[in-house]
Each structure stands twice: as structure tokens, then as C-alpha cells.
Amino acid sequence: MVKRTYTTASIEVHWNSELCIHSAHCLEALPRVFDTRVRPWVNVTAATADEIAAAIETCPTGALTYSRADGAPGEAMPPVTTVVPMPNGPNYVRGSLEVKDADGETSLVGPRAALCRCGASENQPFCDRSHVRIRFRDNPKVVAPDRGDADAPGTAG
């Protein structure tokens, strides 16, 4: 597991590789900050803290989070916790979350998570994209809002 923090005087960006499923939301939202072709792949000086925070809030897994160092408010918690099953993929959960492991230990506190639906993840209860490897398919009536299939070929990140 890799955990990194990228810092300016206005914002700290935290990345937890164990939670990242490479959905590429950050790359699409703010490519001048999030670019996997360069190292470090996060350039917090390439945009304002507000732009970076907005891009991070598109991350469905909670792999990217932020802390504001400039006194601006952090990420607002949604008033209602939502669970959205992604077609042939994980459950995207948003809200004031506390995820516990099988031993009852808290493994995540935060606003977002991608939870495994296929049962094959080696990072339970979190998704690790094993659903792609095992060719998990679910009920065809499950339709993702706005983004379509998050695991369609060509997504990277």
C-alpha cells in the first residue's frame, strides 16, 4: 500500500493506492494536476485549491481526499448516504462513512468508498477491480447515473 501527501500552503492532497481502482475521474476532471504519465503524478501547484478540491470530490473510491490548509471548508458530507451499484462493478457509496473490517476495526472514515459486489476482491470490503478479472456480470437492469460503465475499456488512471 502506498499513501502519499502532496502539499501547498492552501491544500494537502492525500492518495491511498489501496483504495484506487483507476476509474480516472481525477484525470478527466483536472488533467493538468492529475497526470499518470509524469512523476509525481499529482502536481498541486498546477491549479487552485478550489479546483483541486472539486476534482478530488469526483473520485468515487475515497483514494483521493484533501485537507484545506487555508481555512476554506473541507468536503461537505452529503445529507443522505447513497449507494449506487455500478454495472458489473462495485457499489459506490457516498456519505458520512465509517467502514469496519471483519474484526470490527475501522478501516475507513470518509465521504466516499467503492465496495466490492463480486466477492473476489482481495481488499475486502473494498473493490480492487477483481470484478474485471472474473468477468462479473450483474442484473442488466442496473444502470449507472451519468457515467455509464465505469469499467469500460479505455479507462485508466
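Applying the salt bridge (charged side-chain N to carboxylate O under 4.0 Å, His left out) test to every pair with at least one member in residues 80-98, sequence neighbours left out, gives these pairs: E98-K100. Annotation: side-chain hydrogen bond (donor to acceptor under 3.5 Å, both in side chains) contacts involving residues 47-56, sequence neighbours excluded, comprise R32-E51, T48-E51, D50-R68.
Listed for the S17 side chain is a donor-acceptor partner under 3.5 Å among the backbone atoms of V2. Counting only distance, with no hydrogens or angles, the side chain of R4 and the backbone of V42 share no donor-acceptor pair below 3.5 Å. Judged by distance alone, with hydrogens and angles left aside, the side-chain atoms of N16 form no donor-acceptor pair with the main-chain N or O of G62 at under 3.5 Å. Side-chain atoms of D138 never come within 3.5 Å of backbone atoms of P87 as a donor-acceptor pair (strictly under, hydrogens ignored).
Between C59 atom SG and H25 atom NE2 the span is 8.0 Å, to the nearest 0.5 Å. The structure places CE of M86 at 13.0 Å from CG of L115, a figure rounded to the nearest 0.5 Å.
Every residue meeting the side-chain contact (heavy atoms from CB on, under 4.5 Å) condition with T65, not counting sequence neighbours, appears here in chain and number order: H14, R112. F34 pairs by the ring-ring contact (aromatic ring centres under 6.0 Å, His included) definition with W41, not counting sequence neighbours. In this structure, the salt bridge (charged side-chain N to carboxylate O under 4.0 Å, His left out) partners of D35, at least two apart in sequence or on a different chain, are R37. For the side-chain contact (heavy atoms from CB on, under 4.5 Å) test, residues two or more places apart in sequence or in another chain that qualify with V83 are N91, V93. Partners of Y6 by side chain to side chain donor-acceptor pair (under 3.5 Å), not counting sequence neighbours: none found. Listed by chain and number, the residues in a side chain to side chain donor-acceptor pair (under 3.5 Å) with R133 are S130 (sequence neighbours excluded). With sequence neighbours left out, the side-chain contact (heavy atoms from CB on, under 4.5 Å) criterion links E105 to D101, D103. Under the salt bridge (charged side-chain N to carboxylate O under 4.0 Å, His left out) criterion, R135 pairs with no residue, sequence neighbours left out. S107 meets the side-chain contact (heavy atoms from CB on, under 4.5 Å) test with V99, F126; sequence neighbours excluded.
Nearest heavy atom pair, residue I21 against residue C127, reads CG2-O, 3.3 Å. A pairwise comparison of heavy atoms in L30 and A55 identifies CB-CB, 3.8 Å as the closest pair. A pairwise comparison of heavy atoms in C118 and S121 identifies SG-N, 4.3 Å as the closest pair.
N43 and T45 form a side-chain donor-acceptor contact under 3.5 Å, judged by distance and modelled atom types alone.
Side chains of V44 and I52 form a contact here, defined as non-hydrogen atoms less than 4.5 Å apart.
Taking a 4.5 Å side-chain heavy-atom cut-off between Ile, Leu, Val, Met, Phe, Trp and Tyr, the cluster of F136 extends to I134.
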